[in-house]
Amino acid sequence: MMKIEKSELERLLRNTQRMCNINGKPMPQVVGCVIECHENEAYTTNIVRDGKTSVSSFSIPCSDYDSGRYVIPDIAKALGVLKAHRGVVRLEQKEDKLIFKSSNKQTTISADSRALAFPHTKKTIAEWHEESLDRMACIDDFGNYTMASGEVRKPIANFELHGSDLRQAIEAGNINGQKVNRCAFWWDGSQLDITTGKQMLGETTTRLLDMEWPHFPQIDFEFEGGLENCLPNGKINIFILDFTPEGQGYSMVIYGDDGSKIFQRGVM
């Protein structure tokens, strides 16, 4: 059993789900997940649906937890269940069922770890979860990435800013109903800009930093994937990894002050 505030559980599930505009339509980048608990924290760790461009870990406080796993085969349905509950929610995993309990309500849903992680894959939620943990284990707390060869790729730059500022910069791509998902990241040695949107309806450049860091090289790449829907409001640290020698462009590792960790590859 695990006790958790309903609002916190909803936040964890929405961050994990990570809605993203795909061809102008909202689509979850993660359909189902597994919640694990450790040291009064509940965690999810998931690779996104394409299996390669991003892996993220999110956490929230919890109490009275056991060492078991809680399977959420459909995040959207779990969020629908939580609408009927208030205050502290208790989760119980009983074989292939997950039980939500609050002060005067109890809801049971099917929760089989053998369910498919996505409609387009043959991998189960349990298998996808294990692969996600392995992928996240390649990234330490300082932005270093351990490659398959054993080589450790160190960041070439790091930036500290607020997640709310980056979110607003990305969301500027939605003006005039564009629902643009792709953004351009530009650092010239003194200014950090995010550009999004198309000129026909409005292209917007947001300056996030303006300061001299000449030891950071010029960095220019594009990214996508619904980051605006999983960033914390507080401070974030962005570490840039250079995989251009392997023909894989740049990647970001984003650490949030809420304990979140997001690895995001740039668009090739």
Side-chain angles (χ1 to χ4, degrees), residues 9-33 43-60 72 74-80 117-121 125 128-129 131-132 135-136 139 161-185 194-198 201-204 206 208 221-234 236-241 249-268:
L9 180 55
E10 288 175 324
R11 179 170 69 88
L12 176 66
L13 292 176
R14 288 197 178 97
N15 284 343
T16 302
Q17 187 182 38
R18 192 172 169 175
M19 297 300 291
C20 176
N21 285 320
I22 306 294
N23 296 323
K25 296 181 179 180
M27 180 178 292
Q29 294 303 286
V30 175
V31 173
C33 65
Y43 297 86
T44 62
T45 303
N46 286 87
I47 302 170
V48 295
R49 64 188 307 128
D50 67 11
K52 57 184 180 181
T53 56
S54 184
V55 58
S56 304
S57 179
F58 302 100
S59 65
I60 54 170
I72 309 287
D74 190 313
I75 294 174
K77 289 180 180 177
L79 288 169
F118 297 94
H120 65 275
T121 182
I125 291 175
W128 199 271
H129 177 67
E131 288 189 18
S132 300
R135 187 80 59 84
M136 187 58 81
I139 308 160
L161 53 145
H162 280 82
S164 56
D165 292 336
L166 179 55
R167 178 187 299 109
Q168 290 168 15
I170 297 171
E171 289 176 340
N174 296 328
I175 59 176
N176 291 320
Q178 292 184 77
K179 296 182 180 178
V180 173
N181 178 44
R182 185 170 294 191
C183 302
F185 182 107
I194 299 292
T195 299
T196 186
K198 298 181 179 180
L201 293 174
E203 180 185 81
T204 303
T206 303
L208 295 176
F221 66 96
E222 294 183 333
F223 66 90
E224 54 187 27
L227 274 178
E228 70 276 17
N229 293 318
C230 58
L231 290 168
N233 290 321
I236 60 173
N237 281 281
I238 302 177
F239 291 83
I240 306 298
L241 293 164
Y250 294 98
S251 294
M252 296 186 287
V253 184
I254 303 174
Y255 299 90
D257 63 359
D258 61 347
S260 58
K261 185 195 301 188
I262 304 167
F263 172 78
Q264 179 68 49
R265 291 192 181 276
V267 177
M268 294 298 296

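- In this structure a side-chain-to-backbone donor-acceptor pair under 3.5 Å is missing from N46 to T16.
- Among residues two or more places apart in sequence or in another chain, the salt bridge (charged side-chain N to carboxylate O under 4.0 Å, His left out) test is passed with R182 by E222, E224.
- Partners of E203 by salt bridge (charged side-chain N to carboxylate O under 4.0 Å, His left out), not counting sequence neighbours: none found.
- Using cut-offs of 30° and 60° on the angle between ring planes, the pair W128 and F118 is perpendicular.
- Proximity of a side-chain donor or acceptor of N233 to a complementary backbone N or O of S164 within less than 3.5 Å is not detected.
- Under the 3.5 Å distance criterion, the side-chain polar atoms of N21 are left unmatched by any main-chain donor or acceptor of G24.
- Taking the six-membered ring for Trp and the full ring otherwise, Y255 and F239 have centroids separated by under 6.0 Å.
- Within the 3.5 Å criterion, the main-chain N or O of G177 finds no donor-acceptor partner in the side chain of N174.
- S132 OG to I125 CD1: the interatomic distance, rounded to the nearest 0.5 Å, is 11.0 Å.
- Using a distance-only test at 3.5 Å, with no hydrogens or angles considered, a donor-acceptor pair links the side chain of Q178 to the main chain of I175.
- Within the structure, the salt bridge (Lys or Arg N to Asp or Glu O under 4.0 Å) test picks out the following pairs touching residues 251-268 (sequence neighbours left out): R11-D258, D141-K261.
- A donor and an acceptor atom, one from each side chain of S54 and R18, are located under 3.5 Å apart.
- R167 places a side-chain N or O within 3.5 Å of a backbone atom of L231 that can act as its donor or acceptor partner.
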